[in-house]
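Counting starts at 1 for both ligands and their atoms, following the listed order.
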Amino acid sequence: MNAYPKLPEFDYIKPQSYKEASQFLISHAGEARLFIGGTDLFVQMRDRVYKPKYLVDVKGLDGMDEITFLPSQGLTIGAGVNMNRVIADAHIKQHYPILAEAAESVASYQLRTRASIVGNICNASPAGDTIGACLLLEGVLIIFGEDGEREETLSTFFLGPGKTTLRAGDVVAAIRFPIPPDGMKGRYIKLGRNQLSDLSIVGVTVLGYPEGESDSGYHFELALASVAPIPLVVKQVGEILGREPITDDTLQEAARAAMDVCTPIDDVRGSAKYRKLMVRNLSYNALKDVWGQLTGESR
Ligand SMILES: Cc1cc2nc3c(=O)[nH]c(=O)nc-3n(C[C@H](O)[C@H](O)[C@H](O)COP(=O)(O)OP(=O)(O)OC[C@H]3O[C@@H](n4cnc5c(N)ncnc54)[C@H](O)[C@@H]3O)c2cc1C
């Protein structure tokens with residue numbers, strides 16, 4: 001048996017407009033699949049998860065290749081922008097560093113010249129490393145579909161492993177982020193089996209910023225990768241760290257809350273029990289790191 005079979009044969013389609021792409025996908029539903037970098041799709045085709053007759057390359061469409069930052073509106077990343085460009089972008093480094101940090105944890109430099117943030121999201125793996133940052137930064141997808149353009153918030157986008165709210169004919173054109181709150185700090189901690197090119201066993205994204213309205217004076221958010229059927233935002237963390245002055249005890253309580261709500265499974269990368277314990281430990285480390293950044297005690 002050949003462990004690495006070739007890709008099945010396919011026709012390559014390069015549409016000239018969103019409308020043409022969308023119409024082709026609708027009229028060839030079940031036979032056509034769109035791609036950006038192909039780093040998920042080609043592996044799935046090699047493994048015969050998908051055997052599309054047509055591959056629709058949408059990278060060349062209007063705006064796909066652009067990163068735009070407007071101080072009054074925020075950041076827009078075109079679906080065709082690869083992760084190395086996200087990491088290198090000066091505006092992203094300054095205003096959304098957690099996005100660059102998460103992207104930098106993905107595989108290798110070589111892979112990141114192909115892999116995109118939007119592909120990471122649309123593939124909808126619970127292990128997607130950039131998804132936590134995109135969720136906590138309140139990302140909104142700009143989608144071109146059968147009825148024209150619409151926006152969809154990321155918080156309701158994921159339905160299960162590999163399942164999203166995308167419909168036949170939908171092409172995600174970009175992801176948009178609002179201006180982040182003043183003084184926001186973040187941290188992404190990824191636990192993999194090695195430092196290079198492995199999916200996460202556990203991924204923890206934390207954001208925190210000063211907030212006058214909460215009793216603690218701060219707002220925190222935490223998202224988890226690889227420990228539930230969909231990327232998980234742990235609301236309890238914000239509640240615990242908002243209601244009283246932040247101490248080592250409250251950071252530990254928040255980390256335990258993250259452990260309690262996640263529902264990992266056993267798989268080749270780690271057992272459910274190990275993952276739960278790592279969620280607690282890494283959530284504590286990430287929360288403590290962000291708290292240190294906010295109070296000027298670290299980084
Ligand atoms: C060796 C290797 C290592 C990897 N390591 C990591 C890792 O460490 N962390 C991690 O998170 N991922 C990892 N991955 C997975 C993959 O690289 C990422 O998920 C990547 O971000 C996918 O982006 P892409 O542009 O290549 O997506 P593609 O493969 O082009 O697309 C992925 C899926 O999304 C759909 N899609 C893509 N673009 C659109 C669009 N514009 N509109 C609608 N649907 C769309 C496609 O139809 C497909 O189903 C790895 C993959 C490989 C091969």
Side-chain angles (χ1 to χ4, degrees), residues 4 7 10 12-13 15 18 21-22 24-26 28-47 49-52 54-65 77-87 99 101-134 141-145 149-150 152 157-158 161-175 188 190-203 205 223 225-226 231 269:
Y4 292 100
L7 287 183
F10 57 85
Y12 173 85
I13 308 292
Y18 286 98
S22 183
F24 188 91
L25 289 164
I26 290 168
H28 297 83
E31 296 184 313
R33 201 141 187 126
L34 68 78
F35 76 102
I36 296 282
T39 61
D40 276 313
L41 186 59
F42 293 158
V43 175
Q44 290 157 346
M45 286 171 63
R46 185 201 65 189
D47 294 346
V49 177
Y50 299 118
K51 211 177 156 192
Y54 304 102
L55 278 192
V56 184
D57 184 352
V58 293
K59 281 189 290 294
L61 298 180
D62 247 15
M64 281 264 178
D65 196 31
I77 302 177
V81 172
N82 72 41
M83 293 209 190
N84 284 333
R85 281 188 56 206
V86 169
I87 295 164
L99 205 51
E101 187 181 350
E104 202 156 12
S105 78
V106 172
S108 58
Y109 183 87
Q110 289 85 343
L111 188 107
R112 295 193 299 261
T113 60
R114 303 293 302 175
S116 63
I117 300 265
V118 166
N120 201 224
I121 291 169
C122 292
N123 188 56
S125 160
D129 280 310
T130 66
I131 298 177
C134 292
L141 296 174
I142 314 300
I143 302 170
F144 193 97
E149 195 179 298
R150 69 178 194 278
E152 216 167 292
F157 181 70
F158 301 101
K163 292 196 173 64
T164 69
T165 56
L166 286 178
R167 306 192 286 260
D170 279 349
V171 181
V172 177
I175 180 162
Y188 182 57
K190 171 179 179 175
L191 175 68
R193 287 172 300 184
N194 56 50
Q195 294 289 315
L196 193 70
S197 223
D198 195 26
L199 295 175
S200 60
I201 299 169
V202 170
T205 314
S226 290
R269 292 199 301 280

Requested in this report: Compare Val56, Leu199, Ile121 and give the one whose heavy atom is closest to atom 13 (C) of ligand 1.
Outcome: Leu199
Requested in this report: Return yes or no for this condition: an N or O of Ala79 is under 3.5 Å from an N or O of ligand 1.
Outcome: no
Query raised in the report: Would you call the rings of His28 and Tyr54 parallel, tilted or perpendicular if under 30° counts as parallel and over 60° as perpendicular?
Result: perpendicular
Requested in this report: Return yes if some donor-acceptor pair links the side-chain N/O of Thr39 with the main-chain N/O of Ala115 below 3.5 Å, else return no.
Outcome: no
Query raised in the report: Just which atoms of ligand 1 are under 4.0 Å from any heavy atom in Phe35?
Result: 30 (O)
Requested in this report: Apply side-chain contact (heavy atoms from CB on, under 4.5 Å) to Leu99 and Cys134, showing your working.
Outcome: CA-CA 7 Å; Leu99 205 51; Cys134 292; 3.8 Å; yes
Report task. Give the numbers and elements of all ligand 1 atoms closer than 4.0 Å to a heavy atom of Arg33. Result -> 47 (O), 49 (O)
Query - ligand 1 atoms in contact with Ala115 (distance to a heavy atom under 4.0 Å) - result: 17 (O), 20 (C), 21 (O), 23 (O), 26 (O)
Report task. Kindly determine whether Ile117 and Val81 satisfy side-chain contact (heavy atoms from CB on, under 4.5 Å), including the steps that lead there. Result -> CA-CA 8 Å; Ile117 300 265; Val81 172; over 6 Å; no
Query - Option whose closest heavy atom lies nearest to atom 33 (C) of ligand 1, chosen from Val58, Thr130, Asn123 - result: Asn123
Query - Numbered atoms of ligand 1 (with element) below 4.0 Å of Asn120, judged on heavy atoms - result: 10 (C), 11 (O), 12 (N), 18 (C), 19 (O), 21 (O), 22 (C), 23 (O)
Query raised in the report: So, does Thr205 use its side chain to make a donor-acceptor pair with the main chain of Tyr188 at under 3.5 Å?
Result: no
Report task. Kindly identify the option in Val172, Ile117, Leu34 whose heavy atom sits closest to atom 44 (N) of ligand 1. Result -> Leu34
Requested in this report: Determine yes or no for a side-chain-to-main-chain donor-acceptor pair under 3.5 angstrom, with Lys190 supplying the side chain and Gly203 the backbone.
Outcome: no
Requested in this report: Could you tell me whether Ala107 and ligand 1 have an N or O pair separated by under 3.5 Å?
Outcome: yes
Query raised in the report: Going by the atom numbers of ligand 1, which of them fall below 4.0 Å from some non-hydrogen atom of Gly37?
Result: 24 (P), 25 (O), 26 (O), 30 (O)
Report task. List every atom of ligand 1 that sits less than 4.0 Å from any heavy atom of Val43, numbering the atoms from 1 in the order shown and giving each element. Result -> 53 (C)
Query raised in the report: Would a distance-only check, ignoring hydrogens and angles, find a side-chain to backbone donor-acceptor pair under 3.5 Å from Tyr18 to Val58?
Result: no
Query raised in the report: Does Gln44 come within less than 4.0 angstrom of ligand 1, counting non-hydrogen atoms of the residue?
Result: no
Report task. Have a look at ligand 1 and work out which part of Arg46, if any, has a heavy atom under 4.0 Å from it: side chain, backbone, both or neither. Result -> neither
Requested in this report: Please say whether Leu41 places an N or O atom under 3.5 Å from an N or O atom belonging to ligand 1.
Outcome: yes
Query raised in the report: Judged by atom type as modelled, is there a donor-acceptor pair below 3.5 Å linking the side chain of Arg114 to the main-chain atoms of Gly38?
Result: no
Requested in this report: Using a strict 4.0 Å cut-off to heavy atoms of Met83, name the atoms of ligand 1 that fall inside it.
Outcome: 21 (O)
Query raised in the report: Is Arg85 reaching over with its side chain to a backbone N or O of Asp65, donor-acceptor style, under 3.5 angstrom?
Result: yes
Report task. Name the option, out of Val81, Asp40, Ile142, Asp129, that contains the heavy atom nearest to atom 10 (C) of ligand 1. Result -> Asp129
Report summary line: A student comparing Leu166, Asp170, Val106, Ile36 should find that the heavy atom closest to atom 38 (N) of ligand 1 comes from Ile36
Report task. Check whether any side-chain heavy atom of Val86 lies under 4.5 Å from a side-chain heavy atom of Thr130, and answer yes or no. Result -> no
Query - Residue Ser116 vicinity, atoms of ligand 1 by number, heavy atom under 4.0 Å - result: 20 (C), 21 (O), 23 (O), 24 (P), 25 (O)
Report task. Could you tell me whether the side chain of Arg269 and the main chain of Arg193 form a donor-acceptor pair under 3.5 Å? Result -> no
